[in-house]
Amino acid sequence: MTSSAAVPVPPSALPGDELLDALLVGTPEEDSPVTHVHRLPVRESSHGVWPTWVPTDLRERLVSRGVRAPFSHQVAAAELAHAGQHVVVATGTASGKSLAYQLPALSTLAEDDRACVLYLAPTKALARDQLAAVSAIAGPSVRPAAYDGDTPQEERDWVRRHSRWIVTNPDMVHRGILPGHQRWASTLRRVAYVVVDECHAYRGVFGSHVGHVLRRLRRICRRYGADPVFVLASATVADPAAAATRLVGAPVTAVTEDGSPRPGATFALWEPPLTEKTGEHGAPLRRSAAADAAGLLADLVEQGARTLAFVRSRRSAESVADQARRILTDRGRPDLVRRVDSYRGGYLPEERRELERSLSAGDLLGVATTNALELGIDIAGLDAVVLAGYPGTLASLWQQAGRAGRAERESLVVFVARDDPLDHYLAHHPRAVFGRPVEATVTDPTNPYVLGPQLCCAAAELPLTDDELEEFGGDAARAALEDLVATGQLRRRPTGWYWAGRGRPDVDIRGSGAEPVSIIEGSTGRLLGTVDGDAAHSAVHEGALYVHRGETFVVDSLDVEDACAAVHPESPEWTTVARDVTDLSIVDVSTTRRLGTVTAHTGTVDVTNQVVAYQRRRVGSGEVLAEFPLDLPARQLRTRAVWLTLDERALQRAELDDLAVPGSLHAAEHAAIGILPLLATCDRWDLGGISTALHPDTGAATIVVYDGHPGGAGFAERGHAVLRRWLTATRATVASCECDSGCPSCVQSPKCGNGNDPLDKAGAVRVLDVVLDELAAAGDTEAAEDAAVEEPDPLGLGGPFAQARAATSAAHSRALRRRQRLGSAPAARPMRGSRTPVAVPDEVAPGTEAEWSDVEDHADTDAAPDRRTRPVDDVVF
């Protein structure tokens, strides 16, 4: 951790464009990793006037803290909330969304000395930051306090009885407040506002659970005579009013016109170069995003630029900070080494507070961080942000990028692409990043695996009545109640539905309910932590490498029945990757779109998955050292899927013989899974897939992409709704990749159950061409999709093929010219059946870090992501 001793004042950082030039000094233009530079313009502020209902003393406290006049969006949202309307303010990072709910809420608390506010945050860091902020401006009778897992038991009663601004989270509402609502009666009858901060974080299955928690909260408040106004704050998302309405279960008005000032920024897209190393099946690999991020962090610190480097895992946060320190040491700058640190979940609270203080004060110049610093924490005056890999959604990308430039200083943002299809696509299609709406937030409150358990929770709190069912899903809720009565979980009485079980329903809103597996050090009996039950087979199988707070352990045994894994400390030069086999059967078909020789479907599927082996891979290169068999039970997942079937005519048009079909479908499936997160608020780890030359349930060549959550999470349906855009981007990614026969940037998957074999990159392009031709021939597909997603051109492609082809051709031309200057490029030749000339370089390359193996740390657990199953990509012969 950083020292609190006095440090030298750093030199003034350069403006964003000059910082970028300094990073590229000595790099020939043809070898530049920068694929695009975008200039974010300065935005002038737009102020409003203080609402007349704001108490004078509150206004004076805000003015004394530098808020001389509110921004226009703050006033608009505050006026709506004060008038009793549910409202979501969806504006940019550092736009002052907090004041939009603080004004009406604190004004009401000043007028009514019995009123109170519930504030919900998705992370503890954000909650503590907002607790400090509201404490600084609230009147003495408000007594803001936290009620979360860190609150000592002896303090919880005091919070419930005396605090009028309770800072908590959806988990505590679900487990701590609603089940014991009788004890909370005096508080719940006085709730005037419920603040849901950073509500875009509630998506997928977790978001669907949170939606029901909020419905249950509204229902219990009504029981005690309260009807609170919901004020939601969100990063910029597509259709925030609809997303917030789905979350709350009541109409919500959106305020989206941002009145805050924004300093200019330089935003660079950066793709690490190919190296001479190879990975699986000899595929070319790029230098890792983590290695480039560490070098950029060191360079920026040398320039005196206060910098955050966002990475994808806890392990990478430690690694990038350590690499940056080593680089500075090698350059003879020991004075800067202690000004670089890491920040992630798992540190003690006091350690994290010290890091936050040091970063804000400028004692720290560079910090490698997980998404734990993405939300809410006010860190002013940063000069640069480095994003090591796409964070999963454009909303998160802009949230992280917005951390720079908070002191009205021009900043630099560098997005470093990982060796991944989506990152590769974004690096070469800047219109998919700049100037297009961000994704729609996907939630599905009618998911039966969410709805049933939540109805049980509601019935256990108060008997459910028929007139309440519309709020919980209408006909879907009625059908779920019939099933719950049939299975004996609920009882139907003339007055409603009653909970029939003992105790309270045990519902995990962050997972599918599988029992967590405890990780125990065998020699000492020390409990190291837990792993979600659904991820245990792939994360802590016998022989797996497990990482905890920078320490590495090897799993000696996994006891599936007792949900316990025994480990011993070890620091090998390898990491592990699980291998699985998957079988999929179609349960029912919901929608069918016939597109000539191709048909698109959505429906319910059963996925049977079994971890059967694991590989040891060399750290640094990803080279496979050995593979070991495992004997673990199979598990089944019923979920939602989108799938394509291709008849014999389609395969003939794609020029595929019997031997080429499996690899071509498999490669197209991998690439499609890699690109779907661009259009749905998910990560590729939220998805699974399977492809086969002849599926027994369809009788045809089939590609399936499914949600990796019980009951589905809405991602597959989203892919079906934007099928043309999804597959156009997929085709462009595969065709534009510089590799010869497939690599991690296009068709190889980090979680393929078949070891990325077989894969046919050229065949995948031809398959996608046939599907896209059929979509184009359908005529009204583009208009229907535009209406469905309310985005004129969300991928920035400008049409079904034109822009994608142009970008593909430009990328290849640039790569070919670079190779020819180096004397290593073959002549350009077209792929068989491809519409775009493809340069096939003869150099191959790998990264310097085995990032694929970082599954267990894929998301920072402190930021409360979904606990998810680990679906795999697979191919069936």
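The structure presented is a predicted model; accordingly, all values stated were derived computationally and were not measured. Sequence positions, counted from 1, serve as the residue numbers for this chain.
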If I compare all heavy atoms of [X] with all of [Y], which pair ends up nearest, and what's the gap?
X	Y	answer
N447	P710	ND2-O, 3.2 Å
A293	V320	C-CG1, 4.3 Å
R418	D423	N-OD2, 2.7 Å
T728	R724	OG1-O, 2.6 Å

Contact check, side chains of [X] and [Y], non-hydrogen atoms, under 4.5 Å:
X	Y	value
S234	C199	yes
D420	Q748	no
R403	F310	yes
P421	V747	no
V416	L296	yes

For [X] and [Y], test the side chains for any donor-to-acceptor distance below 3.5 angstrom and give the result as yes or no.
X	Y	answer
H200	Q399	no
H424	E271	yes
T582	N609	yes
T702	T692	no

Using 0.5 Å steps for rounding, measure from the [atom1] atom of [X] to the [atom2] atom of [Y].
X	Y	atom1	atom2	answer
W726	L676	CH2	CG	5.0 Å
N371	Q400	CG	CD	7.0 Å
S208	R203	OG	CZ	12.0 Å
H670	I703	NE2	CD1	11.0 Å

Measure from the side-chain N and O atoms of [X] to the backbone N and O of [Y], and report whether any donor-acceptor pair falls under 3.5 Å.
X	Y	result
D707	L687	no
R731	V765	no
T639	H709	yes
T35	A427	yes
K761	C739	yes
S736	A732	yes
R766	L651	no

Would you please classify the geometry between the H429 ring and the Y425 ring as parallel, tilted or perpendicular, with 30° and 60° separating the classes?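 The arrangement is parallel - the two ring planes meet at less than 30°.
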Compute the ring centroids of F434 and F267, then answer whether they are less than 6.0 Å apart.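 Yes, close enough.
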With W643 via ring-ring contact (aromatic ring centres under 6.0 Å, His included) - residues at least two apart: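 Applying ring-ring contact (aromatic ring centres under 6.0 Å, His included) to W643 gives H601.
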Between D606 and R638 (salt bridge meaning N to carboxylate O under 4.0 Å), is one present in this structure? yes
Decide salt bridge (Lys or Arg N to Asp or Glu O under 4.0 Å) for R653 and E774; before the verdict, give the C-alpha distance in whole Å, the side-chain angles of both, and the deciding distance to 0.1 Å. CA-CA 11 Å; R653 286 174 54 190; E774 296 290 24; 2.8 Å; yes
